[in-house]
Asker: 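Got a structure here, written out as structure tokens. Questions coming.
Sequence lines set the chain letters: A, B, ... in the order given, protein chains first and strands last, and positions in each chain run from 1. When reading the values below, keep in mind they use all heavy atoms of this one structure, side chains included, and skip hydrogens, waters and symmetry mates. A quick note: this is a predicted structure, and the numbers were derived from the prediction, not measured.
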2 protein chains.
Amino acid sequence: MGSSIAIINRSLHDQVASRIRDLIIEGSLEPGSRIDELQMLEELGVSRTPFREALRTLAAEGLVIVRPSKGSIVRKLTQEDVFSMLEVLGSLEKLAGELACERASDKEVEAMVQLHESMMECYRTQDRMPYYKMNQEFHSRLAELSKNETLQEMQSNIQARLKRIRYIGSQTPESWAGAVADHEEMILALKGRDATRLGKAMVAHLKKTWDRVKDGI
Amino acid sequence: MGSSIAIINRSLHDQVASRIRDLIIEGSLEPGSRIDELQMLEELGVSRTPFREALRTLAAEGLVIVRPSKGSIVRKLTQEDVFSMLEVLGSLEKLAGELACERASDKEVEAMVQLHESMMECYRTQDRMPYYKMNQEFHSRLAELSKNETLQEMQSNIQARLKRIRYIGSQTPESWAGAVADHEEMILALKGRDATRLGKAMVAHLKKTWDRVKDGI
DNA sequence: ATTTTGGATATTGTATTCAAAAGCCAAACT
DNA sequence: AGTTTGGCTTTTGAATACAATATCCAAAAT
């Protein structure tokens with residue numbers, strides 16, 4: 001109900017922005033490559049006005065770079081970029097974890113535990129895609145439990161920029177096992193409302209993410 | 001030289017965005033009030049295309065809210081908004097401080113000390129405006145010393161959203177004195193390369209900022 | 001008197017047009 | 001041969017024109 005109306009009501013600009021975001025994340029639009037307006041417009045079936053507005057918001061989100069008079073390109077992340085993002089994300093999720101321990105309701109904590117169980121099930125059956133999706137959900141939800149909107153916004157922004165890389169990242173069986181162990185620790189800390197412990201777990205988790213990812217950039 | 005060319009080369013869209021940003025910060029555009037396109041276009045002397053693009057980037061930056069088919073408004077910050085921003089800013093500047101202690105060169109630290117001295121001079125002569133400007137500079141520079149671009153970006157984004165409020169904030173003589181004492185502590189920690197101490201100083205400083213500001217929102 | 005409805009007006013959203021800048025290639029020159 | 005110049009083509013930037021939506025007010029109905 002509400003949601004479908006909301007989708008219909010969204011301005012063309014927003015729809016276009018989402019479409020391009022998806023194309024970037026799934027890799028159809030290669031990092032560093034120029035975005036051909038003409039071709040894009042054809043595919044999306046819109047005119048230049050909403051399209052260019054969409055590019056502006058994507059630029060502000062850090063996914064795209066518009067070079068005046070020279071066309072837009074998909075932002076290509078260097079190793080330094082990714083490192084700096086993970087460093088900040090670590091700090092943000094640390095805060096998220098600490099605040100969640102203080103501010104989340106028992107019900108909310110229980111829901112996190114549930115989600116974790118589902119992830120474990122996927123791990124057992126080696127179901128990559130649903131695990132990946134739930135993992136995103138897990139981190140977003142933790143940010144929500146901080147009850148800090150700015151934190152959520154910043155986290156999801158960095159999350160979006162890293163999405164492609166993260167997916168590539170958690171590939172090897174060992175690294176997956178490591179990630180699972182990290183999540184186990186997080187859940188224990190959250191259940192015990194141990195802010196310090198959860199904070200540390202988040203930082204450690206993101207440090208490992210860097211180790212997994214750094215050679216693939 | 002380079003800078004002036006860069007300014008000339010900036011697209012109209014960017015110039016318009018900056019102009020509006022300034023209007024918001026200096027308070028000519030009241031939070032919560034509708035932005036009248038027609039009137040705005042007249043004042044700025046541009047057409048709707050670059051203007052609306054500018055609105056999109058400002059929206060992505062969180063300064064403006066565009067309500068589909070109902071016009072844009074200057075984002076109005078609630079107490080919760082400001083609290084959440086300062087909470088995140090605290091975490092970011094804590095990280096910035098810690099990293100700065102590790103990564104800044106002696107020369108850069110020396111430059112910070114210089115800046116601090118200038119601020120002290122302004123405090124002695126009770127020169128509000130230059131102190132305010134240098135204070136912004138101080139915090140931005142600390143973020144730079146972290147050598148983390150994402151951190152700088154996020155910090156400056158929150159900084160921009162809070163600018164108006166912060167200015168209102170540091171008004172009373174006592175609060176100013178308190179802020180000055182905080183900065184004294186920061187400089188000592190930085191000179192001593194004491195990451196933990198500087199981190200704590202940053203968090204404490206932003207907690208106090210909240211106390212100063214909260215009743216004025 | 002209050003609510004509802006119809007339509008005129010104002011405002012916003014999108015497409016199209018026009019202008020300017022960058023890219024490209026071939027011819028002329030060193 | 002390699003480099004520079006001039007103009008043609010493509011692409012981008014900005015303004016205008018057109019369409020859709022919301023807002024407002026008055027008249028009619030309950």
Asker: Heavy atoms only, 4.0 Å cut-off, all strands: where does A/Thr49 land among base, sugar-phosphate and nothing?
Answerer: base

Asker: Round to a whole Å and report the spacing from CE of A/Met40 to P of D/dT10.
Answerer: 21 Å

Asker: Is the shortest side-chain N/O distance from A/Arg34 to OP1 or OP2 of D/dT12 below 4.0 Å?
Answerer: yes

Asker: Write down the distance between CZ (A/Arg10) and C1' (C/dT14), rounded to a whole number of angstrom.
Answerer: 17 Å

Asker: When you match B/Pro50 and B/Ser69 each to their closest nucleotide on DNA chain D, which lands nearer the 5' end?
Answerer: B/Pro50

Asker: Rounded to the nearest Å, what distance is computed from the CD1 atom of residue B/Ile73 to the C1' atom of nucleotide C/dT12?
Answerer: 15 Å

Asker: Can you figure out which of D/dA15, C/dG23, D/dA22 approaches the side chain of A/Lys70 most closely?
Answerer: C/dG23

Asker: Let me know the distance between CZ of B/Phe51 and P of C/dT14, rounded to the nearest Å.
Answerer: 16 Å

Asker: In whole Å, I'd like the distance from the CZ atom of A/Arg48 to the P atom of D/dT16.
Answerer: 16 Å

Asker: Looking at D/dA15, I'd like to know if its phosphate oxygens (OP1 or OP2) sit under 4.0 Å from a side-chain N or O belonging to B/Ser47.
Answerer: yes

Asker: If you draw a 6.0 Å radius around CZ in A/Arg141, do more than 12 non-hydrogen atoms from other residues or ligands fall strictly inside?
Answerer: yes

Asker: Between A/Gln155 and A/Leu92, is there a donor-acceptor pair closer than 3.5 Å when you use the side chain of the first and the backbone of the second?
Answerer: no

Asker: Atom CG of B/Leu190 and atom NE2 of B/His183: how far apart are they, to the nearest 0.5 Å?
Answerer: 12.5 Å

Asker: A/Leu38 has a side chain; which of D/dT23, C/dA15, D/dT11 sits nearest to it?
Answerer: D/dT11

Asker: Rounded to the nearest angstrom, tell me the gap between atom CG in A/Leu41 and atom C1' in D/dT10.
Answerer: 14 Å

Asker: Are more than 12 heavy atoms from other residues, nucleotides or ligands located less than 6.0 Å from atom CZ of B/Arg19?
Answerer: no

Asker: Please state how far atom CG in B/Leu12 lies from atom P in C/dA20, giving the value in whole angstrom units.
Answerer: 13 Å

Asker: What is the distance, to the nearest angstrom, from the CD atom on A/Glu42 to the P atom on D/dT11?
Answerer: 13 Å

Asker: Tell me whether B/Glu42 at atom CD has more than 12 heavy atoms from other residues, nucleotides or ligands lying less than 6.0 Å away.
Answerer: no

